[in-house]
J.: 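Below: one structure in structure tokens.
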Amino acid sequence: MIEIRNLHKQFDGRDVLMDVSLDVHDGETLAIIGRSGSGKSVLLKHIVGLLNPDSGRVLVDGVDINAISYDELRMVRRNFGVLFQGGALFDSMSSFDNVAFPLRLFTQMTEEEISEEVQICLSMVELPDVGSVFPADLSGGMQKRVALARAVALRPRYILYDEPTSGLDPETSNTIDVLIKGLADQLNVTSIVVTHDMHSVLSIADRAAFIHQGRMHWTGTIQELHESDDQTLRAFVKANEYFIGDPAERGQTAS
Amino acid sequence: MSIARILIVDPLSSLGRYGQLLYQAFLTLGDVRSYWKNFVQQMVSIGLESIPIIALAAAFSGMVTTVQTAYQLVSPIIPRNIIGAIVVPSMILELAAVVTGFILAGRVGARIAAELGTMRVTEQIDALEAMGLNSTGYLIVPRILAGVVMFPCLYLIAAFVGIAGGAGVGHLMGLIPITEFMEGARMFFKPFDPVFGIIKAVVFGFIITSLSCYVGYNTSGGAEGVGKATTQAAVSSCIFLLVADLLLAITFL
């Protein structure tokens with residue numbers, strides 16, 4: 001379980017996160033939603049200790065990750081798989097080597113076993129034949145899928161997704177959503193998905209947390225999201241709906 | 001921004017961050033498995049692939065030094081072998097190391113900063129950290145070690161090629177036969193000279209690779225940031241290399 005308590009973060013004197021608290025329960029898929037610049041990705045980086053809060057705490061399975069040594073933090077991080085916004089594949093390595101990378105470093109597996117495992121991971125993301133291809137020669141969607149294969153290679157307990165569908169066409173976004181949902185079921189992991197794509201949220205998440213202007217504005221289940229009469233939340237959800245007409249009216253709260 | 005901040009606070013805080021980064025990186029020195037492959041790759045990239053340009057620059061340095069020494073010093077009252085006595089110690093003590101350093105500040109320093117800078121802005125360094133790897137150990141240690149090991153090798157090649165170039169051009173232009181050139185070289189040769197050159201090369205190798213790693217690792221601001229980091233790495237390496245050159249000369253000579 002991940003517990004975030006009263007997190008506060010400033011960059012250059014500007015408040016990015018203010019008194020943010022959130023619980024992420026084991027086995028669930030939680031979507032962190034909000035407008036661009038609302039602090040979603042910053043919150044995600046705090047969860048895996050890539051950023052340190054100015055105040056507040058992040059507890060992973062009861063361990064305060066800001067109060068432990070760097071070596072202990074590295075051990076905690078091995079429970080995580082992270083899919084970064086741009087994939088963050090190592091561009092000097094082939095797709096195979098990218099997925100094999102954590103296996104070679106953190107396991108005692110032989111090259112033969114690693115090869116089998118990489119093939120399983122690439123098959124999970126429906127790209128069994130791209131092992132020899134370098135990231136630069138893959139499309140954006142394929143890069144994210146290979147990055148996802150790398151993120152699950154060590155069978156983490158938690159998978160964090162930073163804008164997994166941003167910049168992708170609707171069909172590819174849908175493929176990524178199906179993969180996230182499939183992996184959550186198949187590997188029984190806890191997933192945290194940072195996104196502003198409501199289609200993704202509705203298709204993959206069990207719960208949603210809405211960050212607005214650096215504050216945790218609303219949390220609840222997807223059913224509660226549908227039923228909520230919170231005006232700010234409704235405006236955000238409505239802005240994501242398929243819309244024909246004057247763009248100025250998009251996102252206006254239904255009366 | 002106050003002058004005190006520009007002249008004192010900022011440089012000191014950069015020095016502190018530089019020291020902290022190196023300390024964190026070298027904590028993983030014992031974990032050879034995590035960086036061995038990278039170390040071998042960097043030895044090839046920093047060392048082997050630099051040989052042609054280093055040899056070319058050193059050969060020309062040796063040749064120019066010979067021609068200019070002959071122009072300035074040779075007269076009926078000065079023996080010709082003085083050319084060898086000047087060119088050879090110049091190459092061994094100064095030129096081979098400094099030419100190697102300057103060329104590698106541009107070639108290696110800029111490449112390291114661009115590589116790490118790009119990895120930083122594309123979140124590849126975050127990805128390494130998020131996996132539970134000490135990214136500084138994985139990325140910085142092999143580059144610095146490769147620099148410290150390969151720079152002395154490149155220095156020796158530069159010194160050899162530079163002296164050969166100087167002797168060769170002196171012979172071909174009829175300024176001084178090779179035998180006399182080498183006779184002059186032996187006149188003032190001190191066994192400590194090449195040792196001093198190797199010490200210099202080790203220090204230069206450390207300065208160029210560690211500074212470039214520091215600049216690249218702390219890159220921010222997308223493509224423009226990578227461009228700035230690349231330039232900064234090459235320029236700072238050259239400046240600190242000159243400062244180190246003077247300090248080493250004062251200390252050891």
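Order of the sequence lines sets the chain letters (A, B, ...), proteins ahead of strands, with each chain counted from 1. Side-chain atoms are counted along with the backbone in the values below, which use heavy atoms only and exclude waters and symmetry mates.
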J.: Between B:Arg120 and B:Tyr217, is NZ or CZ placed under 6.0 angstrom from the six-membered ring centre and within 45° of the ring axis?
T.: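 That pair qualifies as a cation-pi contact.
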
J.: So which of B:Ala130, B:Ser34, B:Ala127, B:Gly132 has the largest heavy-atom pair count under 4.5 angstrom toward chain A?
T.: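 Most heavy-atom pairs within the cutoff with chain A belong to B:Gly132.
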
J.: Against chain A, label B:Thr122 side chain, backbone, both or neither, depending on which of its atoms sit under 4.5 Å from a heavy atom there.
T.: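 B:Thr122 touches chain A through backbone heavy atoms alone.
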
J.: Let me confirm one number: the CD-CZ distance from A:Glu3 to A:Arg57, rounded to the nearest 0.5 Å.
T.: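 Here the interatomic distance stands at 8.5 Å.
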
J.: Measuring centre to centre across the rings, with the benzene-like ring taken for any Trp, is A:Tyr158 within less than 6.0 Å of A:Phe80?
T.: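 Under 6.0 Å, so yes.
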
J.: Given heavy-atom pairs under 4.5 angstrom as the criterion, report whether the side chain, backbone, both or neither of B:Leu27 touches chain A.
T.: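 When you check distances to chain A, no heavy atom of B:Leu27 falls under 4.5 Å.
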
J.: Is chain A contacted by the side chain of B:Glu115, its backbone, both, or neither, given a heavy-atom distance below 4.5 Å?
T.: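 Contact with chain A involves no heavy atom of B:Glu115 at all.
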
J.: Report the distance from atom CD of B:Glu123 to atom CD of B:Glu129, rounding to the nearest 0.5 Å.
T.: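 Reported to 0.5 Å precision, the distance equals 13.0 Å.
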
J.: Using a 4.5 angstrom heavy-atom cutoff, name the option from A:Asp91, A:Val82, A:Val48, A:Leu73 with the most pairs to chain B.
T.: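 If we count pairs closer than 4.5 Å to chain B, A:Asp91 comes out on top.
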
J.: Please walk me through it: do A:Lys144 and A:Glu163 pass salt bridge (charged side-chain N to carboxylate O under 4.0 Å, His left out)?
T.: CA-CA 10 Å; A:Lys144 288 199 177 177; A:Glu163 305 275 12; over 6 Å; no

J.: I'd like to know which of A:Leu154, A:Val76, A:Leu160, A:Leu89 tops the heavy-atom pair count under 4.5 Å against chain B.
T.: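 Top count of heavy-atom pairs under 4.5 Å with chain B: A:Leu89.
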
J.: Does the Lys NZ or Arg CZ of B:Arg143 fall within the cation-pi geometry relative to B:Phe39 - under 6.0 Å from the ring centre and within 45° of the axis?
T.: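 No, cation not above the ring by the 6.0 Å, 45° rule.
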
J.: Which atoms of A:Leu105 are under 4.5 Å from chain B, going by heavy atoms: the side chain, the backbone, both sets, or neither?
T.: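 It is both, since atoms from each part get that close.
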
